[in-house]
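Source: prediction; values computed, not measured. A note on names: the letters A, B, ... follow the listed sequences, proteins ahead of strands, and every chain is numbered from 1.
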Amino acid sequence: MKKFLSIALMTLLGLGIGMSHGLAAGYGKQKVVYHFNVDDEKVQKAGLGNIQNHLNAVGKENVKIKVVMHGPGVSMLRRAMDDVAMKTQIDNLKLQGVDFNVCSITLERQKIDKKTLYDLSDKDIVPSGVAEIAHLQSQGYVYIKP
Amino acid sequence: MSREQKFSDEFLNAFVDEELAAEDKNSIYREISENETVNQRVCELRNLRELVRFAYADPPAPGAQAVRARRAVRYAYGFTAAAVVAASLLIGWLVYQPSGRPLSSVPVVAVQEPVKVLVHLNVGNPQRMRQTLDEVENLLQFYRANGQQARVEVVVNGEGLDMLRADTSPYPERIAHMQKEYDNLTFAACQNTIERLKREQGIVARLLPGVTVIDSGMAQIMRRQHQGWAYIRA
């Protein structure tokens with residue numbers, strides 16, 4: 001009986017591993033937008049961690065990820081100015097093809113100087129964060145809010 | 001029952017007064033989410049009920065006054081419909097007059113697919129409510145400035161319901177102003193949350209004017225995404 005159980009367990013385990021591999025291969029191509037609009041260090045760091053895990057699971061060649069920040073969420077790039085860990089997280093994600101976009105309405109309304117935001121260039125600024133997210137969804141991007 | 005009969009004013013009134021069986025209620029909820037006209041009618045009837053309830057502090061079921069008020073509304077509908085028909089006849093007569101040529105000189109406007117966005121709020125923090133209203137207003141302004149046709153629906157459930165309750169909303173004037181300014185904006189409250197509030201806390205939620213009720217916030221989010229709406233959580 002014990003033997004039978006262990007064989008059954010091994011079979012199940014084998015099946016499980018096989019299926020998880022199959023699933024990983026079966027994710028196909030993905031387009032994903034990650035939305036940040038709160039000024040909360042924990043949420044922001046966890047969100048960046050989620051994105052890295054996402055890339056690990058799917059493979060950077062299989063997924064296009066865009067981060068859209070607006071309102072209080074823009075603070076992520078301000079924080080990264082002085083936070084080495086966060087800076088590294090963002091640099092690594094950018095190296096894997098992740099875009100970091102910021103809402104121009106937020107910059108204007110809150111009179112935020114672009115220079116106070118980490119590694120932000122003009123091509124990263126979108127006219128409206130929320131409209132950008134809506135647009136990306138119409139282009140087949142899946143929406144995730146950490 | 002035909003579709004026409006099903007959505008008569010009587011039927012919708014019964015719905016607003018919560019006199020319908022669950023099955024009929026659900027069919028209206030479905031219709032509301034898919035059919036803008038029905039949505040508007042329900043909204044108007046609900047407002048009327050609110051007005052009547054407000055005027056007659058504690059109405060014993062729909063009394064004679066309510067019936068009269070509704071009859072008045074029905075007359076108003078009738079009158080409007082007659083006016084619309086008359087106006088169309090006049091326009092038709094003017095346009096097709098002697099030569100009977102169709103209205104070919106009017107440029108055909110390129111049909112542009114409107115952007116549709118659902119904004120979901122489920123937290124009761126006034127700061128987040130304000131941020132949500134800011135986001136929605138910025139979005140509507142952005143689309144308007146760019147000549148982009150759009151529809152935006154704000155769906156609240158859970159603690160987010162507080163934003164649309166007349167007795168708890170921190171921003172009733174602002175919401176009224178936004179509703180007036182943008183006819184492509186709707187606010188929708190989750191019926192499940194309203195019922196839970198009644199069941200668990202004995203609170204009868206009175207909603208701000210013009211707020212639509214949907215069966216379930218979550219179901220609405222799924223439906224809207226199926227219908228091609230973008231989803232954004234505030």
Side-chain angles (χ1 to χ4, degrees), chain A residues 30-44 46-48 50-51 54 64-76 78 99 101-112 125-146, chain B residues 112-155 157-160 178 182 184-186 217-218 220-234:
Chain A
Q30 297 184 346
K31 294 192 280 188
V32 186
V33 53
Y34 276 83
H35 179 203
F36 290 86
N37 71 342
V38 289
D39 178 15
D40 182 330
E41 186 175 344
K42 266 192 199 156
V43 172
Q44 291 172 353
L48 293 172
N50 289 154
I51 299 174
H54 193 155
K64 176 66 201 171
I65 295 181
K66 284 173 182 276
V67 171
V68 176
M69 289 161 276
H70 67 93
V74 169
S75 67
M76 183 154 83
R78 196 180 305 131
D99 292 341
N101 294 321
V102 169
C103 168
S104 84
I105 298 175
T106 304
L107 297 183
E108 275 165 40
R109 295 272 166 87
Q110 300 182 18
K111 301 193 170 51
I112 297 172
I125 299 173
V126 294
S128 152
V130 180
E132 179 75 11
I133 293 169
H135 170 71
L136 288 173
Q137 288 183 66
S138 76
Q139 303 301 305
Y141 276 75
V142 171
Y143 172 82
I144 294 181
K145 172 124 187 233
Chain B
Q112 179 205 32
E113 191 64 16
V115 180
K116 292 175 285 187
V117 185
L118 183 151
V119 178
H120 174 209
L121 177 77
N122 63 352
V123 290
N125 168 345
Q127 170 69 30
R128 289 289 290 278
M129 290 180 189
R130 201 179 53 124
Q131 195 186 330
T132 305
L133 295 175
D134 285 348
E135 282 169 8
V136 168
E137 205 163 20
N138 288 341
L139 185 67
L140 288 162
Q141 273 169 10
F142 177 82
Y143 286 141
R144 183 177 276 181
N146 287 282
Q148 166 71 55
Q149 276 204 51
R151 275 192 64 195
V152 176
E153 182 170 82
V154 180
V155 171
N157 66 349
E159 291 174 7
M178 285 169 73
Y182 299 99
N184 53 345
L185 167 68
T186 41
M218 295 318 286
Q220 180 77 351
I221 289 167
M222 309 278 281
R223 268 196 301 260
R224 287 305 198 197
Q225 288 193 87
H226 264 283
Q227 296 166 352
W229 288 56
Y231 168 72
I232 288 167
R233 196 154 64 86

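In plain terms, the two heavy atoms of A:Ala134 and B:Ala230 that are nearest each other are CA-CB, 3.6 Å. The two atoms that bring B:Ala234 and A:Lys145 nearest to each other are O-NZ, 3.2 Å, heavy atoms only. For the pair A:His35 and B:Arg233, the tightest heavy-atom approach, listed with the atom from each and the gap, is CE1-O, 3.5 Å.
B:Gln141 touches chain A through its side chain: at least one heavy atom from C-beta onward sits under 4.5 Å away, while N, CA, C and O do not. Only the side chain of B:Phe142 comes within less than 4.5 Å of a heavy atom in chain A; its backbone stays farther off. Heavy atoms of A:Ser128 lying under 4.5 Å from chain B belong to its backbone as well as its side chain.
Of the inter-residue distances, the one linking B:Asp134 atom CG with A:Thr106 atom OG1 reads 10.0 Å to the nearest 0.5 angstrom. Taking NE2 from A:His70 and CG from B:Leu139, the interatomic distance works out to 9.5 Å, rounded to the nearest 0.5 Å.
Contact annotation: the side chain of A:Gln137 never approaches that of B:Val117 to less than 4.5 Å [non-hydrogen atoms, C-beta and beyond]. Contact of the B:Asn138 side chain with the A:Val130 side chain is not registered, since no non-hydrogen atoms from C-beta on lie closer than 4.5 Å.
The local environment of CD in B:Glu159 is sparse, with at most 12 non-hydrogen atoms from other residues, nucleotides or ligands closer than 6.0 Å.
Most heavy-atom pairs under 4.5 Å with chain B: of the set A:Cys103, A:Gly71, A:Pro72, this distinction falls to A:Pro72. With chain B as partner, the option from A:Asn37, A:Ile133, A:Val33 having the largest number of non-hydrogen pairs under 4.5 angstrom is A:Asn37.
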